[in-house]
Amino acid sequence: MSTAQRPLPHSFYRRSTEVVARDLLGRDLWRLLPGPRIAGGRIVEVEAYFGHEDPASHAYRRTPRSEIMYGPPGLAYVYFTYGMHCCLNVVCEPGGTAGAVLIRAIEPKRGIEEMAERRGAAAFNRKGRLRLGAICSGPGKLTQALAIDLALNGADLRGPEIWLSEGEGPLPDAKVEITPRVGIRRGAELPARFIVPDSPCLSRRSGSTRLDRRRS
DNA sequence: GTGACGATAATCT
DNA sequence: GATTATCGTCACA
């Protein structure tokens with residue numbers, strides 16, 4: 001296994017959530033699917049979530065669900081939301097300090113057919129042609145494409161079910177942009193969303209300022 | 001291209 | 001009982 005594919009060590013995650021989030025861009029996310037087949041791609045969009053002082057974070061309050069965010073780094077935190085979607089986070093910071101990074105989008109690199117199949121009709125255009133930018137361009141989309149559900153909550157991010165690898169990262173600052181977090185209750189949109197603006201696989205097009213319709 | 005809306009269940013209060 | 005770190009579809013431009 002080359003360096004670019006080998007799982008990142010737990011020490012990668014045992015840093016501040018913000019630093020890990022930034023460093024995650026350009027890394028690769030991999031998933032072992034039945035077959036066995038490996039599917040995954042390059043991380044192009046993430047968001048940092050903190051602890052007690054971050055009202056948008058599940059760790060704002062310490063509950064059974066958020067307990068994992070207070071635990072040791074290098075594990076997956078998967079939660080279920082809106083009655084139908086799972087979202088994947090990586091737990092950061094040393095044990096005792098809460099923090100996690102939400103993986104919001106990846107560029108498919110491998111196992112593209114398998115991922116598209118799991119995404120169903122949304123992965124194809126009217127002519128039946130593959131839409132690469134619609135497969136993993138959102139936190140709920142990528143978990144569907146990679147068959148990530150609550151069974152993976154707490155999984156070790158060194159594999160074998162799911163892992164992150166060095167990939168091409170870390171990316172130079174010129175390739176990275178920081179924006180407010182999206183999908184958050186107004187007032188908590190910290191500038192903690194890290195993206196690769198050149199990517200065609202982001203959850204929102206660059207410059208899209210669509211406000212959330214949630215009430216105050 | 002944009003914006004509104006409903007689906008649907010785990011988790012929390 | 002209320003909320004939700006979302007998505008696909010629909011109407012309209």
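Worth saying up front: this structure is predicted, and the values here are computed from it rather than measured. In what follows, every heavy atom counts, from backbone to side chain, and hydrogens, waters and symmetry copies are set aside.
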Rounded to whole Å, the CE-P distance (A:Met84 to B:dT8) equals 6 Å

_Considering every strand and a 4.0 Å limit on heavy-atom distances, what is the contact class for A:Arg119: base, sugar-phosphate, or nothing?_
sugar-phosphate

Side-chain atoms of A:Thr63 come closest, of B:dC12, B:dA9, C:dT6, to B:dC12

Practice item. Using the six-membered ring of A:Phe12, assess whether NZ or CZ of A:Arg15 lies under 6.0 Å from its centre and within 45 degrees of the ring axis. Key: yes

| said: Tell me whether the side-chain N/O atoms of A:His58 come closer than 4.0 Å to OP1 or OP2 in C:dA5. | reply: yes

- Query: When all nucleic acid strands are considered with a 4.0 Å heavy-atom cut-off, which category describes A:Gly140: base, sugar-phosphate, or nothing?
  - Reply: sugar-phosphate

When rounded to whole Å, the CG to C1' distance for the pair A:Asn125 and C:dG8 reads 16 Å

Taken to the nearest whole Å, CZ/A:Phe194 to C1'/C:dA5 is 15 Å

Next item on the list: Classify the side chain of A:Tyr79 versus the base of C:dA5 as yes if they form a donor-acceptor pair under 3.5 Å and no if they do not.
Entry: yes

A:Glu45 atom CD is separated from C:dC7 atom C1', nearest whole Å, by 14 Å

_Any donor-acceptor pair under 3.5 Å linking the side-chain atoms of A:Asn89 with those of A:His58?_
no

Note: for A:Pro64 and A:His85 on DNA chain B, the residue whose nearest nucleotide lies more 5' is A:His85

- Query: Is A:Phe80 touching bases, backbone alone, or none of the nucleic acid, heavy atoms closer than 4.0 Å?
  - Reply: sugar-phosphate

Quiz item: With a 4.0 Å cut-off on heavy atoms, is A:Ala56 in touch with a base, just the backbone sugar-phosphate, or nothing at all?
Solution: base

Whole-Å distance, A:Tyr82 OH to B:dT11 P, equals 16 Å

Is any side-chain N or O of A:Arg185 closer than 4.0 Å to OP1 or OP2 of C:dT4?
yes

To the nearest angstrom, the CZ-P distance between A:Arg193 and C:dT6 comes to 11 Å

Any strand, both distances under 3.5 Å, Watson-Crick or G-U wobble: C:dA5 pairs with none

**Item:** Basic-acidic side-chain contact under 4.0 Å: A:Arg14, A:Glu93
**Value:** no

- Message: At 4.0 Å (heavy atoms only), tell me whether A:Arg61 reaches a base, stays on the sugar-phosphate, or touches nothing.
- Response: sugar-phosphate

When rounded to whole Å, the CD to P distance for the pair A:Gln144 and C:dG8 reads 7 Å

note: A:Ile68, atom CD1; B:dT11, atom C1'; distance rounded to Å ~ 15 Å

* Asked: Taking the six-membered ring of A:Tyr49, is NZ or CZ of A:Arg181 closer than 6.0 Å to its centre and within 45° of its axis?
  -> yes

Discussion item. Whether the side chain of A:Tyr70 engages the backbone of A:Ala59 through a donor-acceptor N/O pair (distance < 3.5 Å, no angle test) should be reported.
Written reply: yes

Using Watson-Crick geometry (N1-N3 plus N6-O4 or O6-N4) or G-U wobble (N1-O2, O6-N3), each under 3.5 Å, B:dT8 is paired with none

